[in-house]
Structures are given as C-alpha cells and as structure tokens.
Amino acid sequence: MTTDNNSEPTVVAIDGPAGSGKSSVSRAVARVLGFGYLDTGAAYRALAWLVNGSGIDREDVDAVEGILPTFDYTIGLDPDVVVVTVNGEDVTDAIRQPEISASVSAVARVPHVREHLNTLFRSIVADTYVPGVVIEGRDITTVVVPDAPVRILLTADEAVRAARRSLELSDTAVRVTAEATGDQIRARDAADSQVVDFMNAAEGVVTIDSTSLNFDETVEAVINVIRAATEKEQA
Ligand SMILES: Nc1ncnc2c1ncn2[C@@H]1O[C@H](COP(=O)(O)OP(=O)(O)OP(=O)(O)O)[C@@H](O)[C@H]1O
Ligand SMILES: Nc1ccn([C@@H]2O[C@H](COP(=O)(O)O)[C@@H](O)[C@H]2O)c(=O)n1
C-alpha cells in the first residue's frame, strides 16, 4: 500500500458487536499494513475500573461524570504491545476481568463520558506518526470518525461469536460454556445497543460477516476492503 509520509494517517474505522473479532482482527490487519491500532473499548473498560475502585455507584451519572477530571489515561498504538495505564498504573490485564466486562456498559452509556472519550480518541489518532491507524469499537464508523476513508462493520452470528469466545476462555484457568458466554455477549450487546447502533451498517459502511470465514480469511477480507477504498481515493 502506498502512503505519503507528509499526509494524515489513513484511518480505518471498525465497529461490531461483542466477540465479533474487532480487536484480534484489527490488530492483525494493523500488523500486516504497518499501521497503529487503537482499541477504544479499553478506555471505557479503564474508566469502569477506576469507577469500581473508587467505590462510586456506577449508576450515579453525576458521580461517574465527576471522576472524569481524575482519569489520566494512556494507551499505546503498537499492535504488538498494547499497554493501558490509568493515573500511572498498568491496568492492561485488570480491565479484561469479568467484573469489568459486566460493569462497563453502565459507564459507557453516560453521554458526557462518550464525548470526553471521543475527543481523546480523535486526538490520539491526530497525534500519531504512523501511516495509518485501525481504530475499533462500537461507534467509530458513525460518531468518532464518520468521515474515515475506510469504514467496516465486522460481525458474525451470535452463536459463532459465543463459541469463539468460549474457546478462548477455555484456554485460560476460567472454564466457561458457550451457553454462559452467549448470555454474557447478549446482555452486553443489549445494553450497549441502547446507546449506539453497531448491529446495522450505516450508509457507506461495508459489512464483513465472518460467520463462515476463518481468522486469516477475515483479516484478508478487511485488508481487501482497505486496499479497494484507498486505491479508489488515490485514483
Ligand atoms: N473469523 C474468525 N474465525 C475464528 N475465530 C475468530 C475469528 N474472528 C475472531 N476470532 C476469535 O474470536 C474471539 C473474539 O475476538 P475478539 O476478542 O477480537 O472480539 P471483539 O470483537 O474484540 O470482542 P469484545 O468486543 O468483546 O472485546 C478471539 O478468540 C478471536 O481470535
Ligand atoms: N466505541 C466504543 C467502544 C466500547 N464501548 C463500550 O466499552 C465496552 C468494552 O468494549 P470492548 O470492545 O472491549 O468489548 C463495550 O461493551 C461498550 O460498553 C463503547 O461504548 N463504545
């Protein structure tokens, strides 16, 4: 892929439901293209971690908004090493714990939180020196960078997402059935869908359904969309 060193980074926006492969596929795509990778869900998770640790009631919108000025957040863009810190503390692993997955949607539904984090995401992308950035989440194609040259909705059937996620979890000390994982995915998607639509592609957004694709085929499908869009832009 040709890129101009003096130009803005090529922004690849990817949305999708829980377990659709956004983070793993985006990281792989970023590696292949030499792009940065920005996981926006990590910021919502990190804020939920701070809220939980502060003893704040996460349903208390004023209290959640009130903690934002003390939320000093950093995340790296290197797809090989994603390190997340809050107020200088490394929370990379802590934000992946089940209690954070179960509580993050409450924090993410606060409008002021979303505005605050969206401003942060845009400034991280603007300040980067890499040729491109793959940025993934729930409202990237519609709210964060709706004018991105490449916008993709990555999806897969719910049962397939649950099976993939439960396979991943069964590799760890936590043994979770596909059924229990399916319930968690459904609950989080239902809560998150009340705030943003990531189940239906907005106008101009390309849907990639990986239900019957393996991981490498999905990465290839995303790269093909990026190549087609950037070649069209350069023509
Ligand atoms: N096409 C695919 N074929 C097989 N496995 C896949 C495919 N795409 C993703 N996976 C696997 O599915 C699991 C879930 O993917 P991933 O964590 O990237 O999803 P996600 O959309 O980022 O989820 P969340 O929103 O919950 O963070 C991972 O184990 C990943 O390797
Ligand atoms: N653009 C986004 C990204 C994430 N969220 C919220 O964060 C949660 C965790 O996201 P993961 O991608 O790590 O699963 C997610 O369930 C949403 O509540 C968001 O609102 N917008």
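Atom set for the values below is all heavy atoms of this structure, side chains included, hydrogens, waters and symmetry mates excluded. Counting starts at 1 for both ligands and their atoms, following the listed order.
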Atoms in ligand 2 with a heavy atom of G137 nearer than 4.0 Å
1 (N), 3 (C)

Same apolar cluster: F215 and V134, side chain cutoff 4.5 Å:
yes

Would you kindly confirm whether L117 and I14 end up in one hydrophobic cluster when ILVMFWY residues are joined by side chain heavy atoms under 4.5 Å apart?
no

How far is atom 17 (C) of ligand 2 from its nearest protein heavy atom, and which residue and atom is that?
D192 OD2, 3.3 Å

Checking D157 side chain against A159 main chain: does a donor-acceptor pair fall under 3.5 Å?
no

Could you name the option among V104, N118, I135 that has the heavy atom nearest to atom 8 (C) of ligand 2?
V104

Which side-chain N or O atoms in residues 63-74 pair as donor and acceptor under 3.5 Å with protein atoms at least two apart or in another chain?
| from | atom 1 | to | atom 2 | distance (Å) |
| --- | --- | --- | --- | --- |
| T70 | OG1 | I67 | O | 2.7 |
| Y73 | OH | A43 | N | 3.2 |
| T74 | OG1 | T85 | OG1 | 2.3 |

Please say whether more than 12 non-hydrogen atoms of neighbouring residues, nucleotides or ligands are located less than 6.0 Å from CG in D93.
no

What protein heavy atom is closest to atom 7 (O) of ligand 2, reported as residue, atom name and distance in Å?
Y44 CB, 3.3 Å

Table please: side-chain donor-acceptor pairs of residues 135-147 below 3.5 Å, with sequence neighbours left out.
| from | atom 1 | to | atom 2 | distance (Å) |
| --- | --- | --- | --- | --- |
| E136 | OE2 | Y37 | OH | 2.7 |
| D139 | OD2 | R114 | NH2 | 3.0 |
| T141 | OG1 | D15 | OD2 | 2.5 |

E217: which residues meet the side-chain contact (heavy atoms from CB on, under 4.5 Å) condition with it, sequence neighbours left out?
L213, N214

Got the closest protein heavy atom to atom 10 (O) of ligand 2, with its distance?
G41 CA, 3.4 Å

N/O separation below 3.5 Å, D39 to ligand 2
no

Are any of the N/O atoms in K22 less than 3.5 Å from those in ligand 2?
no

In this structure, which one of R96, Q184, R45 forms a side chain to side chain contact (heavy atoms under 4.5 Å, CB included) with S101?
R45

Can you tell me which residue and heavy atom of the protein come closest to atom 14 (O) of ligand 2, and the distance to 0.1 Å?
R188 NH1, 2.8 Å

Please find the pair of heavy atoms, one from D189 and one from R161, that lie closest to each other, and give the distance.
OD2-NH1, 3.0 Å

Can we say E59 and R109 salt-bridge, meaning some charged N sits less than 4.0 Å from an Asp/Glu carboxylate O?
yes

List every atom of ligand 2 that sits less than 4.0 Å from any heavy atom of T40, numbering the atoms from 1 in the order shown and giving each element.
1 (N), 2 (C), 3 (C)

Which protein residues come within less than 4.0 angstrom of ligand 1, counting heavy atoms only?
P17, A18, G19, S20, G21, K22, S23, S24, R138, R164, R165, E168, R188, S210, L213, N214, F215, T218

One finds that the ligand 2 atoms under 4.0 Å from a non-hydrogen atom of S105 are 18 (O)

Considering only protein heavy atoms, which is closest to atom 13 (O) of ligand 2, and at what distance to one decimal place?
R45 NE, 2.7 Å

M199 versus L153, closest heavy-atom pair with distance
O-CD2, 3.8 Å

Show which atoms of ligand 2 fall inside a sub-4.0 Å distance from at least one heavy-atom site of A108.
6 (C), 18 (O), 20 (O)

Modelled atom types, side-chain donor and acceptor of R164 and S210, under 3.5 Å:
yes

Shortest reach to atom 20 (O) of ligand 2 by a heavy atom, considering only R114, R96, R138
R114

